[in-house]
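Labels below follow one simple rule: chain letters A, B, ... track the order of the sequence lines, proteins then strands, and each chain is numbered from 1.
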Protein chains: 2
Amino acid sequence: MGSISFEIHDHSVCTDKTMQEVDAYCETHKLQFTPIRRKVLTIMLEEHRAWGAYEILDRLRSEGQSAQPPVAYRALEFLVKHRFAHKIERLNAFIACTHPGQHHAPAFLICRSCEKVAEAHTEPSSGELGAAAEAIGFHIERTVIEAVGLCATCRDATTQ
Amino acid sequence: MGSISFEIHDHSVCTDKTMQEVDAYCETHKLQFTPIRRKVLTIMLEEHRAWGAYEILDRLRSEGQSAQPPVAYRALEFLVKHRFAHKIERLNAFIACTHPGQHHAPAFLICRSCEKVAEAHTEPSSGELGAAAEAIGFHIERTVIEAVGLCATCRDATTQ
DNA sequence: CCAGGCAACGTTATATCATTACATGGAGCG
DNA sequence: CGCTCCATGTAATGATATAACGTTGCCTGG
């Protein structure tokens, strides 16, 4: 389960593990994990939240990288295409994947208070959506499953 | 089930029924279903697909209505707030609800070929997403559930 | 009646998100 | 070398969405 995003944890483990997995995957699949792409993923790995493309751009600039919009969007396109990152449609923003390399249909829990995002999983063909699709002969190619609400921590803070 | 969106049907029934239901709901709940709001919903009811805000604006203009962006966005905000329409996050566009007045957690099947959109339903608390949320104490307030793919008709056309 | 509040609407400007188009440069390869 | 391919640099623009402020019309209490 993706609860870790909302909990205090040794985040360097998330970061290191992901970078290693992505490195390995790119090696195996002959993908160019270039400096810009690496830098963008590193930025996104800093926190379990969604990053706007222009927010990433600002970070790139502050690190001395030249950065017009296509620079960020091209890196994000690569990362999303290979499932190293996902787009959160509700936020028009992007988040690093918590277990890259595995093909999956991600689902997200977005806390509207602390803005952290947890990645969970669904079996697209099962469940109500799959049933509805099957019933009318609709062929699902991609799913967007996002829930907005309050994580346990923020909920407790509100209730006190 | 929302299969009707993808099928040939007497669409005037959809339109008339929806407008009557919205009229009744607004009457009951003391909501102002003003000419602009009515016009926007009428436009959206023309087809079972998602409409961009600027597309709606163009239609308003062509009907002689003054129409700067806030005109469309304010009408859409009203319609979405009261569940007479929904936003399709994947498309950054809006669609008329197929059964207004009932509070519900809609799910959408979006055909990438004919661009029609069907509205299905989910029980947000049940299902995998609800289970994942419950497991980590996440309180869901809103869900975005959208599937992109091919409807039966377009699929058949492709296969031949 | 009329003053005040309120919701909707008109309008300008601007913020935010994303892409097109074309030029440049380096790696691999015959 | 000359070619192709892919990644990158950069300018311009397109597409989506909101802020801010003024105006209008209606309702309501005094």
Next item on the list: On the 0 to 90° scale, with breaks at 30° and 60°, tag the B:Tyr73-B:Tyr54 ring pair as parallel, tilted or perpendicular.
Entry: perpendicular
Check: How many Å lie between CG on A:Leu91 and C1' on C:dA18, as a whole number?
Finding: 16 Å
Check: According to a strict under-4.0 Å criterion, is B:Lys30 in side-chain N/O contact with OP1 or OP2 of D:dC27?
Finding: no
Checklist line | Spacing between B:Gln68 atom CD and D:dT16 atom C1', to the nearest angstrom | finding: 15 Å
Check: What orientation do B:His11 and B:His48 show, parallel under 30°, tilted 30 to 60°, or perpendicular over 60°?
Finding: perpendicular
Item checked: Euclidean distance, atom CZ of residue A:Arg90 to atom P of D:dT16 [Å, nearest integer] -> 17 Å
Next item on the list: Using five base pairs at each end, measure the axis-to-axis angle across the helix from C:dC1-D:dG30 to C:dG30-D:dC1 and round it to 10 degrees.
Entry: 10°
Item checked: Atom-to-atom span, CD1 of A:Ile88 to C1' of C:dC17 - whole angstrom -> 16 Å
Check: Where the side chain of B:Gln32 is defined as all heavy atoms beyond and including C-beta, which of D:dG9, C:dA8, C:dG10 is the nearest nucleotide?
Finding: C:dA8
Next item on the list: Look at atom CD of B:Glu46 and say whether more than 12 heavy atoms of other residues, nucleotides or ligands are closer to it than 6.0 Å.
Entry: yes
Item checked: Residues from residues 33-65 of chain A lying under 4.0 Å of DNA chain D - heavy atoms -> A:Thr34, A:Ile36, A:Arg37, A:Gln65
Notebook entry, point to check: Does B:Glu47 CD have over 12 foreign heavy atoms under 6.0 Å away?
Noted result: yes
Note to self: What is the distance, to the nearest angstrom, from the CG atom on B:Leu76 to the C1' atom on C:dC9?
What the structure shows: 15 Å
Next item on the list: For B:Phe78 and C:dA8, give me the distance from atom CZ to atom P, rounded to whole Å.
Entry: 7 Å
Next item on the list: Rounded to the nearest angstrom, tell me the gap between atom OH in B:Tyr73 and atom P in D:dA20.
Entry: 18 Å
Check: Would you say A:Leu57 and A:Leu41 are hydrophobically clustered, going by side-chain heavy atoms of ILVMFWY under 4.5 Å?
Finding: no
Note to self: Using 0.5 Å steps for rounding, measure from the CG atom of B:Leu109 to the OG1 atom of A:Thr143.
What the structure shows: 11.5 Å
Next item on the list: Take B:Arg74 and B:Lys87, find for each the nucleotide of DNA chain D with the closest heavy atom, and name the residue whose nucleotide sits nearer the 5' end.
Entry: B:Lys87
Next item on the list: Ignoring backbone atoms, establish whether A:Asn92 has a side-chain N or O less than 4.0 Å from OP1 or OP2 of C:dA18.
Entry: yes
Checklist line | B:Glu21/B:Lys17 ion pair, N-O < 4.0 Å | finding: yes
Note to self: Taking the side chain as everything from C-beta on, heavy atoms only, tell me whether A:Ile36 gets closer than 4.5 Å to A:Arg74.
What the structure shows: no
Note to self: Using the side-chain heavy atoms of A:Pro69, tell me which of these nucleotides is nearest: C:dA18, C:dG10, D:dG9.
What the structure shows: C:dA18
Notebook entry, point to check: What class does the angle between the rings of A:His82 and A:Tyr25 fall in, given that below 30° is parallel, 30 to 60° is tilted and above 60° is perpendicular?
Noted result: tilted
Note to self: Taking only side-chain N and O atoms of B:Ser66, does any of them lie within less than 4.0 angstrom of OP1 or OP2 on C:dC9?
What the structure shows: no
